[in-house]
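Reviewing the structure listed below.
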Amino acid sequence: MTDISETPTAATTFWRDSENRRWIGSSAIIAAGLIAGGFLLGDGLVRAKDADRSVTVRGLDEREVVADLATWTISYSATASNLQSAQSGVDRDSEAIRKFFKEIGFPENALEPTGVNVNYYTDNGVPRYTVRQRMTLRSKNIELAQKAVKQQVDLVRSGVVLEDGSGMSYTFTGLNDVKPEMVAAATKDARASAEQFAKDSGASVGSIRKATQGYFSINARDGDGGGWGVSDTPYKKVRVVTTVDFSLE
């Protein structure tokens, strides 16, 4: 016949054993950790899935500006059988060029020499010297610059032979002044595109996750001209494209 009175004593002995209690405590901690880890993992996966909901769009902004700097590099030359005569011819042309711009209304310091070159060769045994010189006009008076371009035929009539590449160029130097507004406008345009995507997918647009400012380009408003006798234009178009990554909610 079994003595059942020994069972409580065995159970009591089991719980009183310090090693058993440590083992059970460790198991409980591990179990709790597994439960908590599973919960956090599941919650993290849900959050990660939500975080993956995004849309990447591009925004554009363009605006017309007027150049604020005019630069005209004039190349001309004279050829003679001796260097002194060739140089004298270039000096006459230089004086005619200075007179031309002075009569239009430019100050004397707006025009200055920027280079000179001497070339020697023989033509059927006859020595020939060619002196080539460059003068550059630099001015912020765009109206006077346009006037000079329209009247450059008068310069040719005075005997100055303009070489190829002698043309006016216009530059817009105020890009930093319009950059902030253009970036803001391009970002707004990008958000409008993102909202259309979100509407089609039944979502709403959240915050910006990542944004990249594109390259600013400045081109002629009516397209770049080309070929002989075609001058640059002071009317420019500034353009920027931004890439923005929006979260979707």
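All of these numbers come straight from a predicted model, not from anything done at the bench.
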Between Trp72 and Phe106, ring centroids under 6.0 Å: no
Nearest non-hydrogen partners of Ile142 and Ala67, listed with the distance: CG1-O, 3.2 Å
Is there a continuous path of hydrophobic side-chain contacts, each under 4.5 Å between heavy atoms, that joins Val156 to Ile104? yes
Derivation of the side chain to side chain contact (heavy atoms under 4.5 Å, CB included) call for Arg132 and Glu163: CA-CA 10 Å; Arg132 181 172 289 103; Glu163 295 189 341; 2.9 Å; yes
Pair Tyr129-Thr79, side chain to side chain contact (heavy atoms under 4.5 Å, CB included): steps then yes or no: CA-CA 5 Å; Tyr129 292 86; Thr79 301; over 6 Å; no
Look up atom CG in Asp245 and atom OG1 in Thr56, then write down how far apart they are to the nearest 0.5 Å. 3.5 Å
For Ser169, does its backbone N or O pair with a side-chain atom of Thr71 as donor and acceptor, under 3.5 Å? no
Once side-chain hydrogen bond (donor to acceptor under 3.5 Å, both in side chains) is applied, do any residues pair with Ser75, and if so which ones, sequence neighbours excluded? none
Same hydrophobic cluster for Val161 and Leu111, using side-chain heavy-atom links shorter than 4.5 Å among ILVMFWY? no
Within 6.0 angstrom of Arg58 CZ, more than 12 heavy atoms from elsewhere: no
Interatomic spacing from NZ in Lys237 to CD in Glu64 - rounded to 0.5 Å: 6.0 Å
Under 3.5 Å, is there a donor-acceptor pair between the side chain of Ser139 and the main chain of Ala70? no
Considering all heavy atoms, the nearest Gln133-Ser94 contact: NE2-OG, 3.5 Å
Joining Ile, Leu, Val, Met, Phe, Trp and Tyr whenever any side-chain heavy atoms lie under 4.5 Å apart, the cluster holding Phe216 also takes in Val65, Phe172, Leu175, Val178, Met182, Val183, Ile218, Val238, Val240
Inter-residue atom distance Leu248.CG - Arg209.CZ, 0.5 Å rounding: 9.0 Å
What pairs of residues pass the side chain to side chain donor-acceptor pair (under 3.5 Å) test when at least one of them lies in residues 173-195, not counting sequence neighbours? Arg63-Glu181, Asp68-Thr173
Closest contact, heavy atoms only, Ala186 versus Asp61: N-CB, 4.0 Å
Could you give all pairs that pass the side chain to side chain donor-acceptor pair (under 3.5 Å) test and reach residues 96-117, with sequence neighbours left out? Thr114-Thr136
With rounding to the nearest 0.5 Å, note down the distance linking OG in Ser158 to CZ in Arg92. 11.5 Å
Determine, step by step, whether Met135 and Leu137 satisfy the side chain to side chain contact (heavy atoms under 4.5 Å, CB included) criterion, reporting the C-alpha distance in whole Å, the side-chain angles of both residues, the deciding distance to 0.1 Å, and the verdict. CA-CA 7 Å; Met135 297 187 74; Leu137 170 78; over 6 Å; no
List in chain and number order the residues that pass side-chain hydrogen bond (donor to acceptor under 3.5 Å, both in side chains) with Ser85, two or more places apart in sequence or in another chain; answer none if no residue qualifies. Asn82
Flag if over 12 foreign heavy atoms under 6.0 Å of NZ, Lys140: yes
Under 3.5 Å donor-acceptor, Asp232 side chain and Tyr170 backbone: yes
Non-neighbouring partners of Arg134 that pass side-chain hydrogen bond (donor to acceptor under 3.5 Å, both in side chains), sequence neighbours left out: none
Within one Ile-Leu-Val-Met-Phe-Trp-Tyr cluster: Val241 and Phe246, side-chain cutoff 4.5 Å: no
Supply the atom-to-atom distance Lys147 NZ to Phe101 CZ, rounded to the nearest 0.5 angstrom. 12.5 Å
Heavy-atom closest contact (Val244 atom, Ala190 atom, distance): CG2-CB, 3.9 Å
Between Arg128 and Thr130, does the side chain to side chain contact (heavy atoms under 4.5 Å, CB included) criterion hold? Intermediate values first, please. CA-CA 7 Å; Arg128 306 292 289 176; Thr130 297; 5.6 Å; no
Gln151, CD: over 12 other non-hydrogen atoms inside 6.0 angstrom: yes
Taking a hydrophobic cluster as the set of Ile, Leu, Val, Met, Phe, Trp and Tyr residues connected by side-chain heavy atoms closer than 4.5 Å, whether directly or through intermediates, do Val90 and Tyr120 fall within one such cluster? yes
Indicate, with yes or no, if Val153 and Leu155 share a hydrophobic cluster defined by side-chain heavy-atom contacts under 4.5 Å among Ile, Leu, Val, Met, Phe, Trp and Tyr. no
Between Val205 and Ala198, the two heavy atoms sitting closest are CG2-CB, 3.8 Å
Output the distance between atom CG (Asp123) and atom OG (Ser81), rounded to the nearest 0.5 Å. 11.5 Å
Residue pair Leu60 / Glu62: nearest heavy atoms and the distance that separates them: CD1-CG, 4.0 Å
